[in-house]
Amino acid sequence: MSGWYERSCEKIEAMRGRDDLLILAIESSCDETACAITRGREILSDVIASQIDIHKRYGGVVPEIASRNHVMAISGVVSKALADAGVRADELDCVAVTYGSGLLGALLVGVSFAKAFAYALDKPLIAVNHIKGHIAANYLAFPDLKPPYICLIASGGHTAVAKVTGLDEIELLGSTQDDAAGEAFDKVARVLGLEYPGGPKIQKLAEEGKDSVRLPMPLKDEKGYDFSYSGLKTAVINYVHTAEQKGEKVVRADVAKSFQNRAVDMMTDAALRAAIDTGTKKIVIAGGVAANSYLRESMTQKAKARGIEVFYPPLKLCTDNAAMIASQAYNMIASGRGCAREDLDAVASIPIQS
Ligand code: KG4
Ligand code: ZN
């Protein structure tokens with residue numbers, strides 16, 4: 001007698017090659033409870049319940065509070081995604097969920113819900129890597145995009161340069177040795193008295209500023225593609241504190257602009273070198289920091305000069321959402337991977353390439 005997992009594997013095998021798969025995806029790795037339904041690469045619904053207003057009181061995401069709010073929001077978010085798409089649960093081909101990386105308690109809410117939902121409907125469940133989801137957001141915006149390409153991944157938890165060699169295959173080329181780019185944006189924002197999440201606020205403030213504050217370009221890895229954000233972040237903190245102690249005026253917009261330029265240049269230089277060294281003609285940007293307008297513009301300009309094309313998702317698909325998780329589930333089905341077992345668990349930290 002075959003069980004749910006065996007039936008799921010058979011169903012997924014039968015789905016390979018179909019371009020009209022109806023997927024419901026759930027994402028709860030940080031502070032957004034999200035559910036989306038896609039048909040192929042088309043987004044039928046995309047619901048996000050953000051907890052930003054709750055966490056900004058604390059200056060960042062409080063894991064326990066995030067988990068509790070996911071529990072309260074998830075049923076409503078999933079019902080709304082089905083209603084918005086005009087789809088009945090029994091019509092779905094499969095369910096997908098982010099199982100890592102992220103806050104363990106937050107991930108567990110999505111994983112537990114998705115497991116119960118898929119099992120009750122007798123549908124396959126696909127376990128998705130959050131970072132691969134960020135990359136896959138680009139296939140929703142550019143359905144004709146095909147690997148190989150260089151991907152610059154920049155989120156609140158990860159910053160890396162990778163070569164994407166297949167729909168579900170990544171070779172990591174370099175990564176941050178300490179803080180992620182988004183984390184550095186958030187910490188610098190805090191020092192400048194800006195609210196969480198700091199990235200968009202730094203970008204806005206930088207629009208009025210000049211790149212006039214001397215900050216070091218910390219680790220310039222001439223051979224590889226690694227970088228470091230902790231030194232740059234500390235340099236900003238020291239600059240602000242020293243100026244305050246001396247009673248000097250800190251022009252916050254100039255600090256924001258100077259920091260943003262250094263932080264972005266570090267990533268774009270590494271991604272460009274990776275593309276040149278590997279002879280790759282496409283660079284794709286992914287993750288929450290991909291929403292940054294200076295990053296989008298400067299990567300595009302630098303690459304254009306070398307005949308390299310740059311892709312990035314629309315703003316709504318840069319930060320955490322479930323449509324990107326559905327898109328990666330689609331990739332995994334096409335690659336014959338990802339059918340989850342009954343004992344699927346949330347994992348706080350998984351390698352980008354897993
Ligand atoms: O990918 P994401 O939504 O969540 C994680 O997977 O971590 O990324 C969130 C990060 C936050 O650190 C936020 O400050 C940053 O992305 N971010 C930005 C911008 N919009 C969001 N950073 C710089 N400029 C932006 N416009
Ligand atoms: Zn993310």
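Counting starts at 1 for both ligands and their atoms, in listed order.
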S.K.: Is the shortest N/O to N/O distance between Phe185 and ligand 1 below 3.5 Å?
M.R.: no

S.K.: Looking at atom 26 (N) of ligand 1, what's its closest protein heavy atom, distance included?
M.R.: Gln203 OE1, 2.8 Å

S.K.: Heavy-atom pairs closer than 4.0 Å: do any link ligand 1 to the side chain of Asp186, the backbone, both, or neither?
M.R.: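 Side chain only.
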
S.K.: So, is His134 polar-close to ligand 1, with some N/O to N/O distance under 3.5 Å?
M.R.: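 Min N/O separation from ligand 1 is below 3.5 Å for His134.
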
S.K.: Would Lys257 and Tyr294 count as a cation-pi pair here, with the cationic atom under 6.0 angstrom from the ring centre and within 45° of the axis?
M.R.: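 Yes, a cation-pi geometry holds between Lys257 and Tyr294.
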
S.K.: Are Lys163 and Glu171 ion-paired here, with the side-chain N under 4.0 Å from a carboxylate O?
M.R.: no

S.K.: Does Arg39 come within less than 4.0 Å of Asp19, counting only side-chain N to carboxylate O?
M.R.: no

S.K.: State whether the number of non-hydrogen atoms from other residues, nucleotides or ligands found under 6.0 Å of Lys80 atom NZ is greater than 12.
M.R.: no

S.K.: Checking a contact table here: which protein heavy atom is nearest atom 2 (P) of ligand 1, and how many Å away?
M.R.: Asp320 OD1, 3.4 Å

S.K.: Can you tell me, to 10 degrees, how wide the angle at the Zn ion (ligand 2) is between OD1 on Asp320 and NE2 on His130?
M.R.: 100°

S.K.: I want to know whether Phe259 and Phe185 have ring centres closer than 6.0 Å.
M.R.: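 Yes, they do, as the ring centres are separated by less than 6.0 Å.
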
S.K.: What is the nearest protein non-hydrogen atom to atom 9 (C) of ligand 1, stated with its residue, atom name and distance?
M.R.: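 Among all protein heavy atoms, the one nearest atom 9 (C) of ligand 1 is Gly156 N, 3.8 Å.
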
S.K.: Any Lys/Arg nitrogen of Asp178 or Lys233 sitting under 4.0 Å from an Asp/Glu carboxylate oxygen of the other?
M.R.: no

S.K.: Can you list the ligand 1 atoms lying under 4.0 Å from a non-hydrogen atom of Gly182?
M.R.: 12 (O)

S.K.: With a heavy-atom distance limit of 4.0 Å, tell me whether His130 approaches ligand 1 through its side chain, its backbone, both, or neither.
M.R.: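 It is the side chain that gets close, since no backbone atom is under 4.0 Å.
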
S.K.: Charged N to carboxylate O below 4.0 Å: is that the case for Asp93 and Arg18?
M.R.: yes

S.K.: I'd like to check which ligand 1 atoms, numbered from 1 as shown, lie under 4.0 Å from a non-hydrogen atom of Gly157.
M.R.: 7 (O)

S.K.: Geometry only, no angles: is Gly287 polar-contacting ligand 1 at N/O separations under 3.5 Å?
M.R.: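 No; every N/O pair is 3.5 Å or more apart.
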
S.K.: Got a sec: does the CZ of Arg16 have more than 12 other heavy atoms crowding it under 6.0 Å?
M.R.: yes

S.K.: Is Leu152 reachable from Ile276 through a run of I, L, V, M, F, W or Y residues, each pair having side-chain heavy atoms under 4.5 Å apart?
M.R.: yes

S.K.: Looking only at protein heavy atoms, identify the closest one to atom 15 (C) of ligand 1 and say how far it is in Å.
M.R.: Val289 CG2, 4.0 Å

S.K.: When you measure from the side chain of Asp186 to the backbone of Pro197, do you find a donor-acceptor pair of N or O atoms at a distance under 3.5 Å?
M.R.: no

S.K.: Closest non-hydrogen protein atom to atom 18 (C) of ligand 1, residue and atom name please, with distance?
M.R.: Gly199 CA, 3.5 Å

S.K.: Do Gly288 and ligand 1 have an N or O pair less than 3.5 Å apart?
M.R.: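 Yes, there is a polar N/O contact under 3.5 Å.
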
S.K.: Between His158 and ligand 1, which part of the residue brings a heavy atom under 4.0 Å of the ligand: side chain, backbone, both or neither?
M.R.: neither

S.K.: At what distance is the nearest protein heavy atom to atom 24 (N) of ligand 1, and which residue and atom is it?
M.R.: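 Going by distance alone, atom 24 (N) of ligand 1 is nearest to Asn292 ND2, 3.0 Å.
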
